[in-house]
Amino acid sequence: RLRKWQERIRTKDAGERNLQFALSEVDRMASALGVPRSVREVASVIYRRALDEDLIRGRSIEGVATACLYAACRKEGIPRSLEEIAEVSRVERKEIGRTYRYVSQELGLEMRPVDPKKYVPRFSSELDLSKEVQSKANEIIETTAEQGLLSGKSPTGYAAAAIYAASLLCNEKKTQREVADVAQVTEVTIRNRYQEQIEAMGIHT
Amino acid sequence: MSGPADSIEIQNVVASTGIGQELDLEALADDLPGADFNPDNFPGLVYRTQDPKAAALIFRSGKIVCTGAKSIDDVHEALGIIFDKLRELKIPVDDEPEITVQNIVSSADLGHNLNLNALAIGLGLEDVEYEPEQFPGLVYRMDEPKVVILLFGSGKIVITGGKRTDDAETAVEEIVERIDALGLLG
DNA sequence: ATATTACTTTGAAAAGC
DNA sequence: GCTTTAAAAAGTAATAT
């Protein structure tokens, strides 16, 4: 019917008008996170696809824009945790996560689970840890993940524990609290992952 | 042979029915000891049975949802108790209201640890939702039977969305086959 | 530092906003 | 979409001891 057609045009126009706002939000959040321009471009492409596929109905523009940025960071291999993303968004973590899963599923993004090693360089530099510690942390993650220890565990907590363990092994000790703060996880999580990883690595303390 | 299918345990059954009679929930809330009714929050009155343990949501239309029972027999038993309670209050209840099972939640154990990362890729990223940052389980939507399976690193699983008792059994056999075909079953 | 308690996910129905 | 009900899985978080 003509009316339905007109309505489609109307919503499409509205979507196009809001596109500018969405992209400016992606830009603002990306700047706050300090991610490269390539990530903003990928996020923009995903948002346009979501708009074309009519995935924005019933959700906030800000929520979809944030979810697209989260997905883009992961696609570009420089993941930000939902906590970090939520810090620069006005949408709460839970909603960002839900929207991301929806967009990811509907657009068939086929995102692979985040590799904890992707967090090692950034977290380590924030803690002023050497390259040796980073290599050791990567080794711990690689080895223990192969043993199946990673299943079901949060990538940030897993990376945090490996960094904590590596800092001890390399005599550049950081406290659990220091590592927990940069990774935005609790000390309890670091403790739990640390124990498992140390045991799986056959290290005694 | 004891296989994963033998480890299946029904954890919750959701069913709906109706007494074929409109109800005054305000009055019912006063007459039924232990009834919770907060129309501002939710239009249904909540009534819990002790044995078998279940919770019923009773609506003004006379339709009832029963949840929390551990078997289909328990659903019938719990609803039977509620029908009798209503009859005691002189509320006319159909002789044998039709009870429809809407969802069965079951748990099972595959008996082996699972590498969820490998499984997510092996089962096909398009059919899988695995976001350990948000939830430790891998969500797998199966078409036949039409159920959703939550798989955990321990090998324990949850099957939900099915309406028949044997849906869980069929689903477990199917998922075991698929995981085994990928060489990911211990 | 450990022990509770609570929240995350899946599915379905009900009436109404 | 949301509201309420129940239950399992296992990880994480907040709070208590």
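First the proteins, then the strands, lettered A, B, ... as listed; each starts at 1.
Across D:dA6 and C:dT4, the matching P atoms stand 23 Å from one another, rounded to whole Å. Rounded to whole Å, the separation between the C1' atoms of D:dA9 and C:dT2 comes to 23 Å.
Taken residue by residue, residues 18-41 of chain B places no heavy atom nearer than 4.0 Å to DNA chain C.
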Can you check nucleotides 4-8 of chain C for protein contacts, nitrogen or oxygen pairs under 3.5 Å, and list what you find?
| unit_1 | atom_1 | unit_2 | atom_2 | d |
| --- | --- | --- | --- | --- |
| C:dT8 | OP1 | A:Lys94 | NZ | 2.8 |

For nucleotides 11-15 of chain C, print each protein N/O atom paired with a nucleotide N/O atom at under 3.5 Å, atom names and distance only.
| unit_1 | atom_1 | unit_2 | atom_2 | d |
| --- | --- | --- | --- | --- |
| C:dG11 | OP1 | B:Arg141 | NE | 3.4 |
| C:dG11 | OP1 | B:Arg141 | NH2 | 3.1 |
| C:dG11 | O4' | B:Thr160 | OG1 | 3.4 |
| C:dG11 | N3 | B:Asn103 | ND2 | 3.0 |
| C:dG11 | N3 | B:Thr160 | OG1 | 3.0 |
| C:dA15 | OP1 | B:Ser61 | OG | 2.7 |
| C:dA15 | O3' | B:Arg60 | NH2 | 3.4 |

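Residue contacts for A:Arg193: at a heavy-atom cut-off of 4.0 Å it reaches the sugar-phosphate backbone alone, with no base atom in range. Backbone-only contact: A:Gly152 has heavy atoms under 4.0 Å from sugar-phosphate atoms and none from a base.
The separation between A:Ile96 atom CD1 and C:dT9 atom C1' is 18 Å, rounded to whole Å. At whole-Å resolution of the value, CZ in A:Arg191 and C1' in C:dA3 are 12 Å apart.
More than 12 heavy atoms of other residues, nucleotides or ligands sit less than 6.0 Å from atom CZ of A:Arg191. In A:Glu106, the CD atom is crowded: over 12 heavy atoms of neighbouring residues, nucleotides or ligands sit closer than 6.0 Å. Residue A:Arg177 qualifies as enclosed at atom CZ: its count of foreign heavy atoms under 6.0 Å is above 12. Counting non-hydrogen atoms of neighbouring residues, nucleotides and ligands closer than 6.0 angstrom, the CZ atom of A:Arg28 exceeds 12 such neighbours. Heavy-atom contacts from other residues, nucleotides or ligands closer than 6.0 Å to NZ of A:Lys75 number more than 12.
With hydrogens and angles ignored, the 3.5 Å screen pairs a side-chain donor or acceptor of A:Arg74 with a backbone N or O of A:Arg112. In this structure, B:Asp167 contributes its side chain and B:Lys163 its backbone to a donor-acceptor pair below 3.5 Å. Between the side chain of A:Glu76 and the main chain of A:Ser38, no donor-acceptor pair closer than 3.5 Å is present. With hydrogens and angles disregarded, no donor-acceptor distance shorter than 3.5 Å links the side chain of A:Lys174 to the backbone of A:Ser167. Looking only at distances, no side-chain donor or acceptor of A:Arg90 sits under 3.5 Å from a matching main-chain atom of A:Glu62.
Comparing A:Ser154 and B:Val46, the nucleotide of DNA chain D nearest to each residue sits closer to the 5' end for B:Val46. Between B:Ala54 and A:Pro155, the residue anchored nearer the 5' end of DNA chain D, judged by the nucleotide with its closest heavy atom, is B:Ala54. Heavy-atom distances to DNA chain C give each of A:Gln176 and B:Glu129 a nearest nucleotide, and the one nearer the 5′ end belongs to A:Gln176.
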Show every donor-acceptor pair shorter than 3.5 Å between a side-chain atom in residues 91-98 of chain B and any protein atom, with sequence neighbours excluded, or say none if there are none.
none

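Across all non-hydrogen atoms, the minimal contact from A:Pro155 to A:Tyr119 is CB-CE1, 3.9 Å.
In the hydrophobic cluster analysis, where Ile, Leu, Val, Met, Phe, Trp and Tyr join through side-chain heavy atoms closer than 4.5 angstrom, B:Ile121 is grouped apart from A:Leu150.
Taking Ile, Leu, Val, Met, Phe, Trp and Tyr as members and joining any whose side-chain heavy atoms lie under 4.5 Å apart, directly or through other members, the hydrophobic cluster of B:Val46 also contains B:Val14, B:Phe42, B:Leu57, B:Phe59, B:Val65.
Boundaries of the chain A contact region on DNA chain D are D:dC2 to D:dA14, first to last in 5' to 3' order (nucleotide atom under 4.0 Å from a heavy atom).
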